[in-house]
Peer 1: 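Please see the structure below; I have some questions.
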Amino acid sequence: MQWSNLFIPTLRETPAEAEVPSHRLLLRAGYIRQLSAGIYSYLFLAQRSLLKITAIVREEMDAIGGQEMLLPALHPAEIWQESGRWDVMGANLFRLKDRWQRDLCLGMTHEEVMTSIARGELRSYKQLPQIWYQIQTKFRDEPRPKSGLLRVRQFIMKDSYSFDLDAAGLDAAYDKHYKAYCRIFDRCGLKYSVVEADSGAMGGSQSHEFMVSADAGEDFIAICDACGYAANLEKAVSAASAPAAADPEGDLTPEAFHTPGRKTIAEVGEFTGLPQTSQMKSLVMNADGKLLLVMLRGDHQLSETKFAAATVAKEIRQANADEIREAFGADAGSLGPVDVKNLRILADTALEGRRNMISGANRDDYHFRHVTPGEDFKAEFRDLRQAAAGDGCASCGAPLALKKTIELGHIFKLGYKYSESMGLNVLTAEGGEVPVIMGSYGIGIERVLSCAIEQSHDKDGMALPAAIAPFAVVVTPVNANDPAQRKAAEEIYEGCRALGLDALLDDRDERPGVKFKDADLIGIPFRITVGKKLAQGMVEFVERRTRASVDVPVAEAAAAVRAKCP
RNA sequence: CGGGGCGUGGCUCAGCCUGGUAGAGCGCCUGGUUCGGGACCAGGAGGCCGGAGGUUCGAAUCCUCUCGCCCCGACCA
């Protein structure tokens, strides 16, 4: 294509609203324009890139036997009510009414629709297994859209669903997806980690996330460089670091002492001269309306995900000040586990075996010293804390690192959640009726592009992987008014096209600086510059990422690009 | 939902405190000179200052309300 005919609205300056690199560059490079908060128009360049990404996704999904469909974005409330998610999803679900005042919503995922198709049609084990997928626009009324295309209210997602007779079948479908996702992200030129994840509201037993490390991300993962263990921070298991000070020996009795105005762990630590690791943190939680006391080491943080899993509660939150006062007779800041009779107490495993620690005394402005978990109070010991940087890896003991990441893809073993709630059953060989076991697998298409930019950019712009760049190569005559340059550039451009390359001819009557800057900005991986060396029959072949430049004869330029592209 | 910030030509911003009906740079259009990393000269187009109401002889500027956008936190497959 000829640049002079195209709509590529590059900006010299960064629009004020953009903060993260991918957002800045998508705007500056003329890929996207914002219509409203979290809602973007994808212009020519973005669309080309997204089409390349979806083509790769399609190829790999088809390769594992996936069958592409396209399902409605507009759903009747009934199917969401059946699965129970009409209520669970709350304000995140876009809801609307039709002219008859019937409730509808815009699909945020498609488990319900897929299951409703399957239950009408899948009747026999002989029809299993199935993998169905689609590439569809999804809608989520995010409380806080942000960071360009990273968190938006309308986005494209590849979602697939597997239907199997039994757990072994689900394992196989899950494994196929796992491998297909690796191939997809490899082909897209991304560096990523696969981590164990919480299956959360989706239900189900096993789940992995495909994460790209980036400062713009909003998820944390814990990762062990030594053995490869990696998990979402919500779920990561670790060996707690050693306490900073040894516990006092002996079978000591809790002893109250006055701590006027000392409420936080840090304040009590300063007051007692003891490190945070010698203290216990008492958190009061409300799980489905019941209060629980949670004990953690002073320097640890509660993982609400682990807590929710331990209590099997649907709704958890921190208890409010009134609830705390009523149950403990003291305010937060002076709470502790000693003599707590009527509440269930959960304690983190890092407290198991510790002795003679500090805790609140359930009396304002008093704490206890010499509190021994298991002796001075009874508790159920569970892994409840969030892993911290420097904790030991649970598998090999090497220190864990925390990384900020963007979630690109997520695969779930759903189990029977939807087949049971929505009545998707098949007959077995024995003639009995059993629910179908399902899996659900998503990829955020725009996030692939955003992550590629986050991973591959410099001060001049994007440096996209060739597989997903809107064009593979741009042919740039330095002086568009020089007939010889023009002719050579056109020949090379046609040569590239003949070799099946997506080529762009920068035929604009602009100064060379402008053309180079724009080419760098929009991230075309290769550039052929037709300039003064044309007199010797040579042109320059420049690689965007490395800036490496080699002179090649005009007749060989197209082939040189071809050799570098996937 | 809590906290903070911002809405002035396509973009970046000044003007607002101390009211007198709008500016710069970039971009855009025309002509000319240029042509290897965002050229130069000359001429030109483009803004009811987010919206509504109020104060005032007079509001981009002061007051009230409202809408929108961004950031931090909470929340979040």
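Protein chains get the first letters and strands the later ones, always in sequence-line order, with residue 1 at the start of each.
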Peer 1: Determine the contact category for A/Met157: base if any of its heavy atoms lies under 4.0 Å from a base atom, sugar-phosphate if only primed atoms, P, OP1 or OP2 are that close, otherwise nothing.
Peer 2: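 Result for A/Met157 = base.
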Peer 1: Looking at B/A39, I'd like to know if its phosphate oxygens (OP1 or OP2) sit under 4.0 Å from a side-chain N or O belonging to A/Arg511.
Peer 2: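 The answer is yes; a side-chain N or O of A/Arg511 sits under 4.0 Å from OP1 or OP2.
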Peer 1: Taking the six-membered ring for Trp and the full ring for Phe, Tyr or His, determine whether the centres of A/Tyr178 and A/Phe210 are under 6.0 Å apart.
Peer 2: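 A/Tyr178 vs A/Phe210: aromatic centres under 6.0 Å.
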Peer 1: Using a 4.0 Å heavy-atom cut-off across all strands, classify A/Thr476 as base, sugar-phosphate, or nothing.
Peer 2: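 No contact.
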Peer 1: Assign A/Gln34 to base, sugar-phosphate, or nothing according to its heavy-atom contacts below 4.0 angstrom with the strands shown.
Peer 2: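 Counting heavy atoms under 4.0 Å across all strands, the contact made by A/Gln34 is with sugar-phosphate only.
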Peer 1: Over all strands shown, is A/Arg527 touching base, sugar-phosphate only, or nothing at heavy-atom distances under 4.0 angstrom?
Peer 2: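 Answer is base: heavy atoms of A/Arg527 come under 4.0 Å of a base.
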Peer 1: Taking only the side-chain nitrogens and oxygens of A/Ser36, find out if one of them lies under 4.0 Å from OP1 or OP2 of B/G68.
Peer 2: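 So the side chain of A/Ser36 is outside the cut-off, no N or O lying under 4.0 Å from OP1 or OP2 of B/G68.
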Peer 1: Does A/Ala16 reach a base, just sugar-phosphate, or nothing at all? Heavy atoms under 4.0 Å.
Peer 2: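 Touches sugar-phosphate only.
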Peer 1: What interatomic distance, in whole Å, is found between P of B/G15 and the corresponding atom of B/C1?
Peer 2: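 Their P atoms lie roughly 33 Å apart.
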Peer 1: Considering heavy-atom distances to RNA chain B, does A/Glu13 or A/Arg144 have its closest nucleotide positioned more toward the 5' end?
Peer 2: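 Its nucleotide being nearer the 5' end, the pick is A/Glu13.
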Peer 1: Does B/G27 have OP1 or OP2 sitting under 4.0 Å from an N or O in the side chain of A/Arg12?
Peer 2: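 For B/G27, OP1/OP2 do have a side-chain N/O of A/Arg12 under 4.0 Å.
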Peer 1: Can you measure A/Lys533 atom NZ to B/G36 atom C1' for me and round it to whole angstrom units?
Peer 2: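 Whole-Å distance recorded here is 10 Å.
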